[in-house]
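Any value given below was found using the heavy atoms of this structure, including those in side chains, with hydrogens, waters and symmetry copies removed.
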Amino acid sequence: MSEIKDVIENGRAVLGIEFGSTRIKAVLIGEDNAPIASGAHDWENRLENGVWTYTLDDIWTGLQDSYTKMAEDVKAQYGVEVTKLAAIGFSAMMHGYMAFDKEGELLVPFRTWRNTITEQASAQLTELFQYHIPQRWSIAHLDQAILNGEEHVGKIDYLVTLAGYIHWQLTGVKALGVGEASGMFPIDIETKDYNQKMVDLFDERISGKGFSWKLRDILPKVLLAGEDAGALTAEGAKKLDVSGKLQAGIPVCPPEGDAGTGMVATNSVAVRTGNVSAGTSVFGMVVMEKELSKVYEEIDLVTTPTGNLVGMVHCNNCTSDLNAWVNLFKEFAESFGMSVDMNQLFGTLYNKALEGDKDCGGLLAYNYFSGEHVTNFEAGRPLFVRKPDSKFNLANFMRVHLMASLSVLKTGLNLMLKEEGVKVDKMLGHGGLFKTKGVGQSILAAAIDAPVFVMETAGEGGAWGIALLASYMVNKADGETLDDYLNNKVFAGQEGTKMDPDPADVKGFDDFLAVYAAGLPIERAAVDHLK
């Protein structure tokens with residue numbers, strides 16, 4: 001306790017803050033890279049004029065609240081104030097569209113990754129670049145705005161993601177970590193920068209539009225993990241810590257996306273490692289040895305924070321529908337006057353799923369709160385469907401919603417692992433789905449037919465991951481790679497809990513997926529007819 005107190009008082013602790021879809025989390029770590037305090041702020045995106053967004057007020061209120069709660073946690077545990085830090089890192093959900101004019105004013109409301117409104121641009125850019133450009137990527141949003149003839153495009157001075165926006169506002173530096181940048185525009189794996197050939201193709205595509213800018217003029221600079229990305233300004237310190245106690249001048253690492261911080265938090269930045277992050281959305285990533293043989297619309301190519309190629313399957317929907325059902329059970333229990341502990345409720349219901357039939361007994365569910373590009377849906381309608389003779393019990397009901405939450409992911413990963421033969425020696429699970437021990441882990445092992453590891457730190461997630469990247473920047477030895485730093489100074493001796501796939505579970509999931517695929521027209525009818 002006195003050692004941690006000394007670390008905090010003397011400014012040797014490191015802070016990571018990540019903006020997730022539903023929670024903004026601040027994690028403070030000590031010199032051993034273990035978390036020593038945290039704070040969180042819950043928030044929710046809103047659908048306004050057909051666009052999923054958060055307001056700037058949402059962003060700053062959330063950032064300040066998560067920081068304040070972390071500082072309060074420090075005070076409560078250790079009796080000291082946070083006034084200085086060794087380093088800070090900011091990360092956020094990737095992609096999306098934040099366009100600013102020369103005065104730094106936001107030109108249109110923030111368009112998040114969740115929007116599926118760029119289908120035309122996505123298809124045309126994929127054809128132009130011969131490289132898959134997903135709908136949620138920043139370049140697809142920019143191109144779609146141009147195709148739509150949106151008046152604001154000519155005024156753009158800076159185009160950035162949420163993580164890059166926070167970093168810019170607090171440091172004055174217009175830069176992104178390479179992993180986050182790879183979700184804006186394709187990266188050249190050799191140069192570790194935007195792919196110049198594709199930049200030229202895009203500039204040529206818009207050359208007749210009369211804009212005052214070229215693409216590189218408005219994009220952030222690309223930085224690798226460990227590189228200098230500026231320092232907290234006096235104005236930035238006040239924006240972050242409303243109490244005014246935090247000092248300026250703290251080094252800030254390159255801002256990263258939740259994909260990159262997830263890789264770091266699960267020690268899966270090395271080649272042939274992978275991880276699955278399962279929360280509001282779900283994505284599975286494998287660090288690949290080589291390029292894929294062809295373009296797959298279902299597979300995105302991004303990079304690790306060090307610039308290695310990553311095959312990624314991203315699905316917009318994961319636990320939202322599952323959580324909604326758990327909340328219904330909570331409401332049911334409270335109607336009978338029972339007070340409900342949510343951790344116990346989740347644990348009980350998740351474990352019940354393990355008692356269900358391997359193929360969910362004929363039950364079917366679609367967890368589509370929003371569109372799902374892997375299965376070609378521009379919008380979503382959560383659905384639960386059964387036949388009169390299906391085995392309708394609580395175990396199968398919970399199992400079908402858990403399996404539905406990973407079914408789109410399995411559809412995409414099958415292309416990478418089975419069609420392309422991409423090798424993965426170790427897959428790590430993290431995020432809310434894995435908090436109940438052994439349940440989400442066994443369902444994922446069945447989905448990918450490979451061993452799944454979950455670490456004790458899995459619940460810390462991306463905020464811890466970006467704190468580790470900030471720590472790496474200021475504490476690395478000369479020539480020490482991020483892989484080495486994580487292996488030797490963070491995860492030394494920590495393998496996590498391993499779970500091998502049960503062949504019966506694997507077969508059950510394959511059987512269920514066949515029913516799931518055959519039932520997609522039901523989801524299509526719901527989207528078409530439930531306006």
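In this structure, the side chain of Thr319 engages the main chain of Gly279 through a donor-acceptor pair within 3.5 Å. A distance-only check finds no donor-acceptor pair linking the side chain of Ser91 to the backbone of Gly257 [under 3.5 Å]. At distances below 3.5 Å, not a single donor-acceptor pair connects side-chain atoms of Thr22 with backbone N or O atoms of Glu44.
The CD1 atom of Ile29 sits 12.5 Å away from atom OG of Ser38, with the distance rounded to the nearest 0.5 Å. To the nearest 0.5 Å, atoms OG (Ser320) and CG (Asn367) are separated by 8.0 Å. Here the CG-OG1 distance, from Asp483 to Thr304, works out to 7.5 Å after rounding to the nearest 0.5 Å. Atom-to-atom distance recorded for His314:NE2 and Gln135:CD is 12.5 Å, nearest 0.5 angstrom. Remark: Glu372 CD to Asn376 CG distance equals 10.5 Å, nearest 0.5 Å. Between the CE atom of Met398 and the OH atom of Tyr350 there is a distance of 6.5 Å, given to the nearest 0.5 Å.
At a threshold of 4.5 Å between non-hydrogen side-chain atoms, the residues Phe19 and Trp43 count as touching. Contact check for Phe283 versus Val276: no side-chain heavy atoms found under the 4.5 Å cut-off. Within the 4.5 Å cutoff, the side chain of Val269 has heavy atoms near those of the Leu486 side chain. The shortest distance between side-chain heavy atoms of Thr303 and Ile189 falls below 4.5 Å. Two residues are said to be in side-chain contact when any heavy atoms from C-beta on lie closer than 4.5 Å; Arg111 and Thr53 fail this criterion. Two residues are said to be in side-chain contact when any heavy atoms from C-beta on lie closer than 4.5 Å; Met70 and Leu15 meet this criterion. With contacts defined as side-chain heavy-atom distances shorter than 4.5 Å, the pair Pro451/Met427 does not qualify. Between Val264 and Leu482, some side-chain heavy-atom pair lies under the 4.5 Å cut-off.
Smallest separation of non-hydrogen atoms from Tyr485 and Asn475: OH-CB, 3.6 Å. Across every non-hydrogen atom of Phe512 and Cys360, the tightest pair is CD1-SG, 4.1 Å. Among all heavy-atom pairs drawn from Met94 and Trp113, the shortest one is O-CB, 3.4 Å. Taking all atoms of both residues into account, the shortest heavy-atom contact from Gly164 to Pro255 is CA-CG, 4.2 Å. Minimum interatomic distance between Leu363 and Val400 (heavy atoms only, all atoms of both residues): O-CG2, 3.5 Å. Residues Ser182 and Trp137 come closest through the heavy atom pair O-CH2, 3.1 Å.
Using a 4.0 Å cut-off between a side-chain N of Lys or Arg and a carboxylate O of Asp or Glu, Asp484 and Lys476 do not qualify as a salt bridge. With salt bridges taken as basic N to acidic carboxylate O contacts below 4.0 Å, none links Arg399 and Asp357. In summary, Asp300 and Arg136 engage in a salt bridge, as defined by a charged side-chain N under 4.0 Å from a carboxylate O.
Between His430 and Phe434, the ring centre distance reaches or exceeds 6.0 Å. For Phe491 and Trp464, the ring centers are positioned less than 6.0 Å apart. Aromatic pair Phe129/Phe185: ring centres closer than 6.0 Å.
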Fill in: Pair Glu334-Ser339, side chain to side chain donor-acceptor pair (under 3.5 Å): steps then yes or no
CA-CA 6 Å; Glu334 287 175 346; Ser339 72; over 6 Å; no
Item to complete: Evaluate side chain to side chain contact (heavy atoms under 4.5 Å, CB included) for Arg386 paired with Leu364, printing each intermediate quantity in order.
Response: CA-CA 6 Å; Arg386 64 189 173 105; Leu364 181 58; over 6 Å; no
Fill in: Residue pair Asn327, Met342: steps toward the side chain to side chain contact (heavy atoms under 4.5 Å, CB included) verdict
CA-CA 9 Å; Asn327 282 324; Met342 287 308 283; 3.5 Å; yes
Item to complete: Begin with the C-alpha distance, continue with both residues' side-chain angles, and end with the deciding distance and a verdict on salt bridge (Lys or Arg N to Asp or Glu O under 4.0 Å) for Asp73 and Lys69.
Response: CA-CA 6 Å; Asp73 188 30; Lys69 285 176 177 162; over 6 Å; no
Worksheet item: Between Leu354 and Ser442, does a side chain to side chain contact (heavy atoms under 4.5 Å, CB included) hold up when you go through it step by step?
Response: CA-CA 9 Å; Leu354 300 182; Ser442 74; 3.5 Å; yes
Worksheet entry | Working for salt bridge (Lys or Arg N to Asp or Glu O under 4.0 Å), residues Lys507 and Asp511 | CA-CA 6 Å; Lys507 182 181 184 306; Asp511 292 345; 2.7 Å; yes
Item to complete: Could you give me the CA-CA distance, side-chain angles and deciding distance for Asn115 and Thr112, then say whether side chain to side chain contact (heavy atoms under 4.5 Å, CB included) is met?
Response: CA-CA 6 Å; Asn115 290 289; Thr112 77; 3.7 Å; yes
Practice prompt. May I have the step-by-step check of salt bridge (Lys or Arg N to Asp or Glu O under 4.0 Å) for Lys489 and Asp32, ending in yes or no?
Written response: CA-CA 7 Å; Lys489 293 180 180 169; Asp32 62 353; over 6 Å; no
Fill in: From CA spacing to verdict: salt bridge (Lys or Arg N to Asp or Glu O under 4.0 Å), Asp425, Lys423
CA-CA 7 Å; Asp425 298 331; Lys423 297 284 184 284; over 6 Å; no
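Between Leu406 and the choices Ile443, Thr411, Leu513, the side-chain contact (heavy atoms from CB on, under 4.5 Å) rule is met once, by Ile443. Of the residues listed (Tyr368, Tyr366, Tyr516), the one engaging Thr375 in a side-chain hydrogen bond (donor to acceptor under 3.5 Å, both in side chains) is Tyr368, and it is the only one. If you run side-chain contact (heavy atoms from CB on, under 4.5 Å) between Pro305 and each of Leu223, Leu468, Leu469, Leu224, only Leu469 comes through.
Taking the side chain to side chain contact (heavy atoms under 4.5 Å, CB included) definition, one finds that Asp42 meets it with Arg23, sequence neighbours left out.
The environment of NZ in Lys192 is crowded: more than 12 heavy-atom neighbours from other residues, nucleotides or ligands sit within 6.0 Å. Around the CD atom of Glu190, the shell of radius 6.0 Å holds no more than 12 heavy atoms that belong to other residues, nucleotides or ligands. Heavy-atom contacts from other residues, nucleotides or ligands closer than 6.0 Å to CD of Glu119 number 12 or fewer.
With hydrogens and angles left out, the side-chain atoms of Asn33 and Ser471 include a donor and acceptor closer than 3.5 Å. Residues Thr261 and Glu18 have side chains that bring a donor and an acceptor to within less than 3.5 angstrom of each other.
For the pair Lys358 and Phe509, the cation does not sit on the ring face, since its NZ or CZ is not both under 6.0 Å from the ring centre and inside 45° of the axis.
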Listed pairs under 3.5 Å, donor-acceptor, residues 287-297 side chains, sequence neighbours left out:
from   : atom 1 : to     : atom 2 : distance (Å)
Ser293 : OG     : Glu420 : OE1    : 3.4
Ser293 : OG     : Glu420 : OE2    : 2.5
Tyr296 : OH     : Glu420 : OE2    : 2.7

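Under the 30°/60° scheme for interplanar angles, the aromatic rings of Trp325 and Phe397 are found to stand perpendicular.
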